[in-house]
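Here the structure is a predicted model, which is why all the values come from computation and not from measurement.
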Amino acid sequence: MGMPKMNNKKIVIVGGGTSGWLSAAYLAKRLKQASSSLLDITLIESSDIPTIGVGEATIPGIRQTLSELGISEKLFMRSCSATFKQAIKFVDWVNEPENGHSSHYYHNFSEPLKAGPEMYAPYWALEKKAIGRDYSYSATIQSQLCDKYLAPKRLNDKDYTGPMHYAYHFDAGKFATLLKTEAKKNGVKHLVGNVSDVVKHSNGDIALLKTKEHGELIADLYIDCTGFSAHLIEKSMDSEFKNINDVLFVDSAVTALVEYEEGEEIATATSSTAKEAGWVWDIALATRRGTGYVYSSKYTTKQRAEEVLKEYIGKQGVNVKFRHLDMKVGYREKQWVNNCISIGLSAGFIEPLESTGIHLVEIALKTLINLFPWKGSNKASALQFNKLMQSQFQGTIDFIKMHYALSKRTDSDFWLDNQKKQTMPATLVEFLERCEYRVPNVFDLPVGPQCFNLFSYLSVLYGMGYVPDLEHVRSQFKHWPQARQMTHQIDEILKRACVELPNHRHYIEELNRGELPNTK
């Protein structure tokens with residue numbers, strides 16, 4: 001039985017880029033499916049504001065979003081110079097390199113194997129010395145797949161499916177263009193112009209937007225996707241921005257594009273390499289690598305940042321062009337005020353370490369469609385939206401800070417200050433205390449939908465060497481035979497995977513040659 005027919009609902013989205021066009025495409029697709037009422041969505045963007053291309057890496061939720069949009073995986077990957085991402089490789093985060101020797105661990109996307117019906121994590125923690133492998137290499141084969149540059153799926157696997165869990169690296173500008181095409185297919189009206197004034201009702205709602213190019217724009221809901229400028233939510237709705245530079249220190253980045261050498265492998269993990277005042281990202285796209293040094297301006301200079309990135313790139317960095325970015329790290333506790341909702345950078349930005357930028361947009365959109373006020377007041381929906389998004393941002397901040405807090409690096413004040421409890425949120429301190437003598441479970445995690453699940457927390461905790469002392473509860477664990485078979489099991493699964501899964505570069509080249517079967 002369908003919903004009763006309602007009045008036409010109008011939405012105006014201000015701002016394009018990834019956030020604006022993902023909002024337009026997703027709302028047009030999902031809300032039209034959810035209701036028999038008419039929906040009118042307009043997006044207005046300025047032609048002279050460039051897209052900030054820091055959101056080129058994603059986490060696995062993007063696959064569901066693309067599938068819900070009805071975009072074929074093959075079309076998406078070809079259109080956006082996309083490659084697979086199945087993990088994040090953390091280099092030199094635990095300790096600074098000694099005598100030129102680095103260390104690393106992976107935050108893998110695939111769920112760890114189990115010891116019978118139980119998590120493998122406590123068994124590994126109790127016998128890690130005897131096992132002789134880091135947690136990320138013991139709980140799944142994905143670290144080894146990344147080391148061997150293997151794709152997470154086979155050439156004939158259907159869209160958005162495969163034996164391993166994965167996300168993507170892609171060109172953010174090309175992604176916005178693809179989303180624009182999909183949004184317009186679903187009836188989104190596209191305007192190029194600038195909002196010159198915001199007129200409000202006496203109750204605080206936005207009454208209309210004035211534009212020089214298109215006159216007045218009137219809607220029931222206004223979505224602010226204007227990036228760090230937050231043209232609507234901050235300048236008109238007075239929603240305060242909560243700066244968190246006292247917790248997450250990085251506030252700047254210098255970026256450079258790097259060409260592949262002939263026959264160079266294409267990585268299937270985002271690489272994050274710790275440096276003296278931050279870390280370097282390395283994202284492998286189909287045709288080139290995107291690199292950047294994320295750093296704190298309090299602990300280093302722009303000139304030194306360029307030197308660090310140039311040194312990281314090596315011989316290919318001789319003639320690269322550097323681009324500097326300032327990052328406004330923090331979030332708004334009120335992201336929905338009256339009839340205005342901020343999504344994307346206007347709502348907040350948590351540094352790019354775990355590729356949360358686009359995912360926070362996805363979660364905001366999924367929260368919005370489930371709380372969408374088809375009739376009546378926005379107030380109750382706005383209150384719940386703000387609670388859930390606040391929990392989302394706070395949980396993400398804790399998770400990101402945990403990487404820094406658990407480091408044992410002593411080579412700079414940046415790392416030493418990150419390890420001080422007074423720079424950690426109280427919720428993170430409490431979480432780490434709970435994890436000191438037991439393995440965390442879902443009851444330890446923030447409430448509501450979150451970017452990261454329990455397995456992600458375990459990957460980082462154990463990867464950073466924060467392993468609990470469980471000797472006092474050893475007798476609780478009853479599945480030692482299955483746990484001890486894991487090493488053999490991992491090796492056997494890896495052998496099969498090496499036969500079945502193609503080389504990543506080979507997969508991408510085949511995809512872009514158009515020789516793949518129709519998997520839609």
**Prompt:** Do NZ/NE/NH1/NH2 and the carboxylate oxygens of K420 and D417 come within less than 4.0 Å?
**Reply:** yes
**Request:** Go through the steps for Y260 and Q316 under the test side-chain contact (heavy atoms from CB on, under 4.5 Å), then give the verdict.
**Result:** CA-CA 9 Å; Y260 283 118; Q316 291 159 280; 5.8 Å; no
**Asked** Under the side chain to side chain contact (heavy atoms under 4.5 Å, CB included) test, which residues partner E354, sequence neighbours left out?
**Response** I88, F90, H107, T356, F399, I400, H403, F452, V460
**Asked** When the aromatic ring centroids of F414 and Y295 are compared, is their separation below 6.0 Å?
**Response** no
**Message:** Centroid separation under 6.0 Å, is that true for the rings of W281 and H169?
**Reply:** no
**Prompt:** Could K310 and E307 be called an ion pair, given the rule that one side-chain N must be under 4.0 Å from one carboxylate O?
**Reply:** no
**Asked** So, E276 and S412: side-chain donor and acceptor under 3.5 Å apart, yes or no?
**Response** no
**Asked** Any side-chain donor-acceptor pair under 3.5 Å between E96 and T410?
**Response** yes
**Asked** With distance as the sole test, does T273 use its side chain to make a donor-acceptor pair with the main-chain N or O of V91 at under 3.5 Å?
**Response** no
**Asked** Are E311 and K275 close enough for a salt bridge, meaning some N to O gap below 4.0 Å?
**Response** no
**Asked** Where the side chain of Y293 meets the backbone of A277, is there a donor-acceptor pair that is under 3.5 Å apart?
**Response** yes
**Asked** So, does D92 use its side chain to make a donor-acceptor pair with the main chain of S103 at under 3.5 Å?
**Response** yes
**Item:** Short side-chain to backbone donor-acceptor contact, S143 and S136, under 3.5 Å
**Value:** yes
**Request:** Would you please say whether a donor-acceptor pair under 3.5 Å links the side chains of K128 and S138?
**Result:** no
**Asked** Between S342 and Q335, is there a donor-acceptor pair closer than 3.5 Å when you use the side chain of the first and the backbone of the second?
**Response** yes
**Item:** Pairwise side-chain contact, N503 with E265, heavy-atom cut-off 4.5 Å (strictly under)
**Value:** yes
**Message:** I want to know whether F84 and Y507 have ring centres closer than 6.0 Å.
**Reply:** yes
**Request:** Report yes or no: does Q419 contribute a side-chain atom to a donor-acceptor pair with the main-chain N or O of R409 at less than 3.5 Å?
**Result:** yes
**Prompt:** With L27, which of L22, I223, L221 fulfils side chain to side chain contact (heavy atoms under 4.5 Å, CB included)?
**Reply:** I223
**Message:** If only side-chain N and O atoms count, and only distance matters, is there a donor-acceptor pair under 3.5 Å linking K328 with N243?
**Reply:** no
**Message:** Check K408 with E98, please: is the shortest side-chain N to carboxylate O separation under 4.0 Å?
**Reply:** no
**Prompt:** Is the Y106 to H104 ring centre distance short of 6.0 Å?
**Reply:** yes
**Message:** One thing to verify: whether E509 and R505 come together as a salt bridge, which I'm taking to mean a side-chain N less than 4.0 angstrom from a carboxylate O.
**Reply:** yes
**Message:** Test your reading of the model: is there a side-chain donor-acceptor pair from W93 to the backbone of S272, 3.5 Å cut-off?
**Reply:** yes
**Message:** Has R289 got a side-chain atom pairing as donor or acceptor with D282's backbone, closer than 3.5 angstrom?
**Reply:** no
N/O donor-acceptor pairs under 3.5 Å from side chains in residues 174-182, not counting sequence neighbours:
{"residue": "K174", "atom": "NZ", "partner": "S81", "partner atom": "OG", "Å": "2.9"}
{"residue": "T177", "atom": "OG1", "partner": "G173", "partner atom": "O", "Å": "3.2"}
{"residue": "T181", "atom": "OG1", "partner": "T177", "partner atom": "O", "Å": "3.2"}
{"residue": "E182", "atom": "OE2", "partner": "K185", "partner atom": "NZ", "Å": "3.2"}

**Message:** Can a donor-acceptor pair be found, under 3.5 Å and without considering hydrogens, that links the side chain of N108 to the backbone of E111?
**Reply:** no
**Message:** Please check this pair: side chain of R63 against backbone of Y160, looking for a donor-acceptor N/O pair closer than 3.5 Å.
**Reply:** yes
**Request:** Mind checking the CG-CG spacing from L416 to D411? Nearest 0.5 Å is all I need.
**Result:** 8.0 Å
**Asked** Applying the side chain to side chain contact (heavy atoms under 4.5 Å, CB included) test to S23, which of I13, I341, L43 qualifies?
**Response** I13
**Message:** A side-chain contact here means heavy atoms from C-beta on lying under 4.5 Å apart; do E73 and K153 qualify?
**Reply:** yes
**Message:** Under a 4.0 Å threshold between the charged nitrogen and the carboxylate oxygen, would D224 count as salt-bridged to K235?
**Reply:** no
**Request:** Check the side chains of Y26 and E68 for a donor-acceptor pair under 3.5 angstrom, ignoring hydrogens and angles.
**Result:** yes
